[in-house]
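For ligands, and for the atoms within them, numbers begin at 1 and follow the listed sequence. Below, each value reflects all heavy atoms present in this structure, side chains not excepted, and no hydrogens, waters or symmetry copies.
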Amino acid sequence: MPLPVSTVILGTGAYAPARVLTNTELALTIDTSDEWIVSRSGIRERHIAAPGEMTSDMAVHAARLALADAKLQPADIDLLVIATITPDMPMPATACSVQHKLGLSTSTACFDLNAACSGFIYALDTACAMIGSGRYRHALVIGVEKLSSIVDWTDRTTCVLFGDGAGAAVIGASARPAVGLIGAKLGSYGDCVDLLCIPAGGSNTPASTGSLASRDHFLKMKGKEVFKYAVRGMEEAARDILEQHGIAANQINLVIPHQANLRIIESIAQYLELPMERFFVNLDRYGNTSAASIPIALDEARRAGRINPGDLTLLVAFGAGLTYGSALIRW
Ligand code: COA
């Protein structure tokens with residue numbers, strides 16, 4: 001196969017479970033309030049997966065919509081990358097279950113990728129590089145999370161922030177020059193692992209009655225510290241990619257940031273000296289859906305007519321690790 005000139009997004013899709021959990025409902029079970037959650041984070045409600053609804057099920061819904069949008073069939077896909085920190089099981093990869101449920105060919109390369117909330121950008125860059133190698137034709141890239149299964153619903157400092165959902169994109173080659181993924185910048189502050197993690201259930205602290213009693217199999221976060229790194233990581237990721245490609249911030253038509261906290265997004269807007277109208281924000285309706293947040297927002301932005309041919313879009317994220325990433329897309 002000749003090497004493709006560009007790697008482009010051919011279609012997108014998103015899915016959120018039907019159940020909506022409002023701040024007011026949360027305040028019935030923990031000591032919090034709608035006013036506190038909205039003023040500290042901007043979040044008003046989040047979607048919660050139904051009992052028995054798996055991460056792979058949500059991924060399949062989003063993937064079918066993305067395939068339809070791209071006007072492609074499951075047989076056209078030869079690469080499936082799933083960004084998630086909430087796989088159906090620790091092993092095997094959720095991508096294998098999604099492959100089966102979608103009816104993808106057994107010659108599809110399938111793997112999961114864990115870069116937490118930066119996961120979709122990591123997966124997008126990985127898939128585009130693989131398509132760019134000329135060895136794969138069409139990739140399905142999915143960011144999907146069932147965070148309701150790992151948050152501690154008795155911990156008000158974390159449980160109010162997260163939600164469930166899935167977003168997908170189909171990637172393919174294009175003969176048009178200078179379109180699609182123009183570039184990506186990925187990184188990580190690996191000295192900050194402890195700021196946001198699930199301490200137990202891995203090889204360091206295997207699940208035990210002790211880890212259950214200490215609730216160490218749930219997500220733990222030092223919110224204030226994470227906030228500072230989030231701002232720093234997203235600013236650096238945005239600045240680096242713009243500088244690398246000689247692009248001024250005001251040339252960006254739309255920024256799609258990771259949807260963790262409105263105050264973090266406002267800081268990035270201030271740093272880039274861009275008005276908030278250039279930022280796509282939907283965290284009020286979803287909360288933080290980790291790897292799913294950017295692809296859900298991307299799909300909503302496209303369907304809302306916020307992205308047009310020729311536009312330049314900046315994706316920027318940070319997450320546990322602490323990872324960060326940015327990507328520039330020309331449509
Ligand atoms: N409802 C009511 N009060 C709450 C609360 C809740 N859900 N959660 C915490 N509080 C209380 C705290 O106990 C604290 O009380 P105290 O002053 O009596 O000790 C007070 O509110 C302030 O807490 P603090 O942690 O200082 O709030 P904050 O302004 O830093 O906001 C976060 C907290 C978590 C919203 C904020 O730090 C944040 O968004 N961090 C980044 C998190 C993130 O994005 N994580 C995902 C990474 S991908």
Next on the checklist: When you group the ILVMFWY residues by side-chain heavy-atom contacts below 4.5 Å and let the links chain together, are Leu315 and Leu322 in the same group?
Outcome noted: no

Item to check | Same apolar cluster: Trp36 and Met221, side chain cutoff 4.5 Å | outcome: yes

Give me the atom names and distance for the closest heavy-atom approach of [X] to [Y].
X	Y	answer
Met58	Pro17	SD-CG, 3.8 Å
Leu10	Ile171	CD1-C, 4.2 Å
Phe280	Pro257	O-CD, 3.4 Å
Ala237	Val316	CB-CG2, 4.2 Å
Cys117	His258	CB-NE2, 3.2 Å

Checklist entry - Looking only at non-hydrogen atoms, which of Glu225, Arg40, Lys224 approaches atom 22 (C) of ligand 1 most closely? => result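 Closest candidate by heavy-atom distance is Arg40.
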
Checklist outcome for this item: atom 33 (C) of ligand 1: of Tyr229, Tyr324, Phe318, Trp36, the nearest heavy atom sits on Trp36

Item to check | Contact check, Thr158 vs ligand 1, heavy-atom distance below 4.0 Å | outcome: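 Judged by the 4.0 Å heavy-atom criterion, Thr158 does not count as contacting ligand 1.
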
Item to check | ligand 1 contact by Ile37, heavy-atom criterion under 4.0 angstrom | outcome: no

Closest approach of any protein heavy atom to [atom], naming residue and atom:
atom	value
atom 31 (O) of ligand 1	Arg263 NH2, 3.5 Å
atom 46 (C) of ligand 1	Asn288 ND2, 3.4 Å
atom 13 (O) of ligand 1	Arg156 NH2, 3.1 Å

Next on the checklist: For ligand 1, which is the ligand I care about here, please tell me if Gly223 has any N or O atom under 3.5 Å from one of the ligand's N or O atoms.
Outcome noted: yes

Using a 4.0 Å heavy-atom threshold (strictly under), name the region of [X] that reaches ligand 1: side chain, backbone, both or neither.
X	value
Thr32	both
Ile30	neither
Val160	side chain
Ala260	side chain

Under 4.0 angstrom from [atom], is there any protein heavy atom?
atom	answer
atom 8 (N) of ligand 1	yes
atom 44 (O) of ligand 1	yes
atom 39 (O) of ligand 1	yes

Next on the checklist: Only heavy atoms of Asn261, strictly under 4.0 Å: list the atoms of ligand 1 that pass.
Outcome noted: 35 (C), 38 (C), 39 (O)

Next on the checklist: Need the ligand 1 atom indices (1-based, order shown) with element for anything under 4.0 Å from a heavy-atom of Asp31.
Outcome noted: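 Those atoms are 1 (N), 2 (C).
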
Checklist entry - If you measure from the Lys or Arg side-chain nitrogens to the Asp or Glu carboxylate oxygens, is any gap between Glu300 and Arg285 under 4.0 Å? => result yes

Item to check | Tyr324 and Tyr189 aromatic ring geometry - parallel, tilted or perpendicular at 30°/60° bounds | outcome: tilted

Checklist entry - Is a side-chain N or O of Gln99 found less than 3.5 angstrom from the main chain of Ser105, in a donor-acceptor match? => result yes

